[in-house]
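Note sheet for the following structure.
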Amino acid sequence: MEQVENKPVGEDFSEQIEVTHQNSELSKNGNDTKVGVNGKTESKEGIKRSKEEDDSDDESPLAKVGVKHPKMEFTHHCPYLDTIDRGVLDFDFEKLCSVSLSRINVYACLICGKYFQGRGNNTHAYTHSVSDNHRVFLNLETKKFYCLPDNYEVIDASLGDILYVLNPTFPPDLVTRLETSAREARAYDGTKYTPGVVGLNNIKANDYLNAILQAMSHVEGLRNYFLDENNYKAIVRPPGDQSFLLVTRFGELIRKLWNTKHFKAHVSPHEMLQAVVLCSKKKFQITSQGDSGQFLPWFLNSLHLALGGTKKRSSSVIYKNFLGSMKIHSKKILPTDLDGFRKLEAQQSGEYEWKVEESPFLFLTSELPPPPLFKDEFHENIIPQVSLYNILSKFNGVTEKEYKTYKDNFLKRFEITRLPRFIILYIKRFTKNTFFVEKNPTIVNFPVRNIEFGDLLTEEVRAKHKDGTTYDLMANVVHDGSPESGSYKVHVLHKGSGKWYEMTDLYVTEILPQMITLTEAYVQIYERRDPEAEKMET
């Protein structure tokens with residue numbers, strides 16, 4: 001047994017008296033130093049500096065290096081957790097302080113839902129906690145809960161649902177269930193909704209963006225990729241590159257649309273739209289109406305490049321799902337004013353012969369026949385109708401069409417050589433001239449299921465498509481009204497339930513498939529049928 005040396009209690013007391021005596025003597029002499037219990041001297045400046053470090057609330061990794069922080073207290077029993085109001089929490093908006101508009105070190109007040117900066121003394125969050133008696137805050141970056149002004153971290157399992165709404169996670173088994181499940185979820189406010197079929201808020205005039213984002217969220221390959229943040233988190237972009245912000249925000253939006261534990265049954269795409277405005281250099285605005293047909297190709301190409309995509313088919317999830325290829329046969333038309341000798345010379349020059357080039361595509365653009373100029377006997381315009389197969393005949397490799405430029409005229413025909421898994425069909429409805437924009441009201445008659453794109457291919461090319469050439473419609477973007485004051489809506493197929501839904505911003509209603517074909521379709525997305533599923537149906 002080792003003997004423990006018993007030190008008299010009086011010795012500790014005498015040491016403290018001695019230190020106090022030394023400090024009083026130093027202060028009489030005007031010296032700004034203080035003697036500690038261990039005999040070391042500390043200056044007033046050092047004490048002040050350590051106090052400032054204790055008050056610092058910057059939790060960034062750079063701030064933690066080389067700085068001695070006070071020991072943070074933890075508690076599992078916070079008496080203010082019952083004051084949290086989940087009904088006012090909204091994490092869809094920009095994460096910036098409502099007072100200073102700063103994005104650094106932002107905390108969300110869980111009682112009123114507002115965002116404030118800081119946690120230490122004299123910060124906006126601290127002031128709010130004292131003035132309004134709102135005690136529980138969440139750091140939106142570190143995802144830690146704190147009680148202010150007492151400044152201790154709260155650890156409680158009952159707060160997990162708030163963290164899940166802030167950043168939903170989707171393990172592989174949940175992704176598989178979402179594809180096949182028709183089960184409805186119930187939001188915190190009691191509203192029933194189907195995950196994936198959730199309304200998007202229209203801030204002012206962003207319905208043309210909402211329609212495309214809703215359609216893209218139901219493209220299976222794209223959705224499954226962005227539901228797992230680890231798929232794109234490790235992608236490194238050059239310093240100062242803002243385009244990756246589009247990827248991050250689109251991933252957050254997809255996860256919120258498919259969240260099964262919402263507090264409210266709608267989503268505001270505020271951060272996503274801000275990223276679109278920033279990355280497009282204000283080409284696409286949320287305050288003025290735009291064109292979905294112009295936004296879609298920009299969005300796909302921007303996502304592809306931000307994900308580090310190249311010209312290779314497997315370089316990004318965009319090219320894997322949407323990239324097809326075609327041969328473009330073009331021939332320059334001889335001018336009519338050439339005489340015999342000059343005409344013969346031009347024919348022999350080779351400039352007016354057929355030329356073939358291979359071209360990739362992310363979507364197919366089809367033209368509508370011109371509408372009638374005159375009204376009928378009832379003084380009403382006759383709304384013409386055209387079959388989907390008529391406008392698709394442009395790509396059969398046989399149909400020739402004349403294209404005029406300011407200098408020359410060309411004959412072109414298009415021959416598809418590879419069909420992607422998802423075909424995007426852009427139906428050109430708007431024509432611009434010097435004075436105004438004109439809309440073609442022609443209605444396209446199209447089937448919803450079993451569209452055979454193989455009829456456009458040659459026998460040789462069709463034999464190469466082992467996965468089949470039969471497609472089903474899965475999304476239909478519609479433009480209603482005049483070109484200047486019209487609005488956009490989208491019809492999407494929810495695979496789990498097999499039901500079609502019409503989504504106009506926040507309004508989501510079920511619709512019969514037969515009603516979809518009566519609309520003025522603008523952008524359509526078709527998905528290739530699974531051969532195994534087709535066999536099971538037959």
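Scanning for side-chain contact (heavy atoms from CB on, under 4.5 Å) contacts around E400 gives W354, L411, R413, with sequence neighbours left out. In this view, Q385 and N445 satisfy the side chain to side chain donor-acceptor pair (under 3.5 Å) rule, not counting sequence neighbours. Here D472 pairs with R449, N450, R529 under the side-chain contact (heavy atoms from CB on, under 4.5 Å) rule; sequence neighbours left out. Partners of V236 according to the side-chain contact (heavy atoms from CB on, under 4.5 Å) rule, which considers only residues two or more places apart in sequence or in another chain, do not exist here. Considering only residues two or more places apart in sequence or on other chains, H266 meets the ring-ring contact (aromatic ring centres under 6.0 Å, His included) condition with none of them. Under the side chain to side chain donor-acceptor pair (under 3.5 Å) criterion, S314 pairs with no residue at all, not counting sequence neighbours.
Among V448, I525, V492, the single residue meeting the side chain to side chain contact (heavy atoms under 4.5 Å, CB included) criterion with M474 is I525.
Panel note: side chain N396, backbone S393; a donor-acceptor pair is recorded below 3.5 Å. No donor-acceptor pair under 3.5 Å is formed between the side chain of N390 and the backbone N or O of V386. In this structure, the side chain of R237 does not engage the main chain of D241 through any donor-acceptor pair within 3.5 Å. The backbone N or O of V276 lies less than 3.5 Å from a partner atom in the side chain of S280, making a donor-acceptor pair. Here the side chain of E94 pairs no donor or acceptor atom with the backbone of L96 at under 3.5 angstrom. A donor-acceptor contact shorter than 3.5 Å links the side chain of R528 to the backbone of L419. D207 places a side-chain N or O within 3.5 Å of a backbone atom of Y488 that can act as its donor or acceptor partner. Within the 3.5 Å criterion, the main-chain N or O of G309 finds no donor-acceptor partner in the side chain of S315. Proximity of a side-chain donor or acceptor of K489 to a complementary backbone N or O of D480 within less than 3.5 Å is not detected. Of the possible donor and acceptor atoms, none in the side chain of T469 sits under 3.5 Å from a partner among the backbone N and O of E452.
For H329 and F414, the gap between ring centers reaches or exceeds 6.0 Å. For an aromatic pair to be called close, the ring centres must be under 6.0 Å apart, and F263 with Y188 satisfies this.
Aromatic ring pairs are classed by plane angle as parallel below 30°, tilted from 30° to 60° and perpendicular above 60°; the pair F170 and Y164 is tilted.
Screening residues 426-435 for side-chain hydrogen bond (donor to acceptor under 3.5 Å, both in side chains), with sequence neighbours left out, gives Y426-Y522. Residue pairs satisfying the ring-ring contact (aromatic ring centres under 6.0 Å, His included) criterion with at least one member in residues 384-403, sequence neighbours excluded, are absent.
Other residues, nucleotides and ligands contribute more than 12 heavy atoms inside 6.0 Å of the CD atom of E402.
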Show every donor-acceptor pair shorter than 3.5 Å between a side-chain atom in residues 194-205 and any protein atom, with sequence neighbours excluded, or say none if there are none.
from	atom 1	to	atom 2	distance (Å)
N202	OD1	K204	N	3.3
N202	OD1	A205	N	3.4
N202	OD1	N206	N	3.1
N202	ND2	D505	OD2	3.0

Give every donor-acceptor pair under 3.5 Å between a side-chain atom in residues 244-258 and any protein atom, sequence neighbours left out.
from	atom 1	to	atom 2	distance (Å)
T248	OG1	F244	O	3.1
R249	NH1	E252	OE1	3.4
R249	NH1	E252	OE2	3.2
R255	NH1	F226	O	3.2
R255	NH1	Y232	OH	2.9
R255	NH1	G251	O	3.4
K256	NZ	F91	O	3.2
K256	NZ	D92	OD1	3.3
W258	NE1	S217	O	3.2

Side-chain donor/acceptor pairs under 3.5 Å, residues 358-371, sequence neighbours excluded:
from	atom 1	to	atom 2	distance (Å)
E358	OE2	T417	OG1	3.1
E367	OE1	K394	NZ	3.2
E367	OE2	K394	NZ	3.3

Could you tabulate the donor-acceptor pairs under 3.5 Å formed by side-chain atoms of residues 496-504, not counting sequence neighbours?
from	atom 1	to	atom 2	distance (Å)
S497	OG	H494	ND1	3.0
S497	OG	K499	N	3.4
E502	OE1	H491	NE2	3.0

Please determine whether side-chain hydrogen bond (donor to acceptor under 3.5 Å, both in side chains) holds for the pair H479 and K439, giving the CA-CA distance in whole Å, both sets of side-chain angles, and the decisive distance to 0.1 Å.
CA-CA 10 Å; H479 181 270; K439 180 184 175 183; 3.0 Å; yes
